[in-house]
Amino acid sequence: DRLTAALHPLDGGYTFETTVTVGGKQAAHVTGRRLGTSSELTVDSGGVGVTYRVIPPDAWLMTEGGDWAPATDPGSSADPLAPLLAPSSVKSVGGAAGVDTLEAMYPATALVLTGTDAIKVTITIASDGTVTISYQAPVGSQTGVSKTVFHAAPTQDPIVAPSPLPSGG
């Protein structure tokens, strides 16, 4: 199917950038990369940035101070593409020249959201292979919007453990 075909080139490695807004204001900005089962990402929220490096089963975090520490909850190790491969439904809704647009429905839990309502996700596939995933969901009395842009990056530097390893890691 078109969704699987669009995501398959990312299997070899990818970079991504996510922006989350709530009520029209940026709540978080995430940039990262994934190679094999390892990932590295930086989360900026509320003026604070934290970098995570995940090489399963281990994970570390680095604060803006530059020190690495073992991550006790490496929730960031999940592959953000995995849940996208299992929508409850998907349909093509056209798109501009050189762009395919799909609408897929996912359980909120698949997107690490609360609630029981299905979430409509718009997936845009550009002719260069760039995949953009966007959706909105209620956040309290406001609307949250998430937009992630994925680029295939099969050739990139390896993701390695911090050196020297922090104590406890």
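Just so it is clear, the structure is predicted and the values come from calculations on it, not from any experiment.
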Would you give the length of the straight line joining atom [atom1] of [X] to atom [atom2] of [Y], rounded to the nearest 0.5 angstrom?
X	Y	atom1	atom2	answer
Thr51	Trp68	OG1	CH2	6.0 Å
Asp117	Thr114	CG	OG1	10.0 Å
Thr31	Leu41	OG1	CG	7.5 Å
Asp58	Ser38	CG	OG	10.0 Å

So, do [X] and [Y] sit near enough that their side-chain heavy atoms are less than 4.5 Å apart?
X	Y	value
Leu3	Leu84	no
Leu113	Tyr135	yes
Lys147	Glu17	no

Would [X] and [Y] show up in the same hydrophobic cluster when neighbours are defined by side-chain heavy atoms closer than 4.5 Å?
X	Y	answer
Val99	Val149	no
Ile159	Trp60	yes
Phe16	Val145	no
Val93	Ile133	no
Tyr52	Val48	yes

Closest heavy-atom contact between [X] and [Y]?
X	Y	result
Pro83	Ala110	CB-O, 3.2 Å
Pro154	Leu35	O-CD1, 4.1 Å
Ala104	Ile123	CB-CD1, 4.0 Å
Ala6	Ile125	CB-CD1, 3.5 Å
Ile55	Val160	CD1-C, 3.3 Å
Gly115	Ala108	O-CB, 3.6 Å

Quick check against the 3.5 Å criterion: does [X] have a side-chain atom that pairs as donor or acceptor with the backbone of [Y]?
X	Y	value
Arg2	Val90	no
Ser146	Val20	no
Ser88	Met105	yes
Gln156	Arg34	yes

Quiz prompt | Glu103 CD: over 12 foreign heavy atoms closer than 6.0 Å | solution = yes

Quiz item: Taking His151 as the fixed residue, which of Asp128, Thr15, Thr130 is the one that meets the side-chain hydrogen bond (donor to acceptor under 3.5 Å, both in side chains) rule?
Solution: Thr130

Quiz item: Relative to the ring of Phe150, is the ring of Tyr14 parallel (under 30°), tilted (30 to 60°) or perpendicular (over 60°)?
Solution: perpendicular

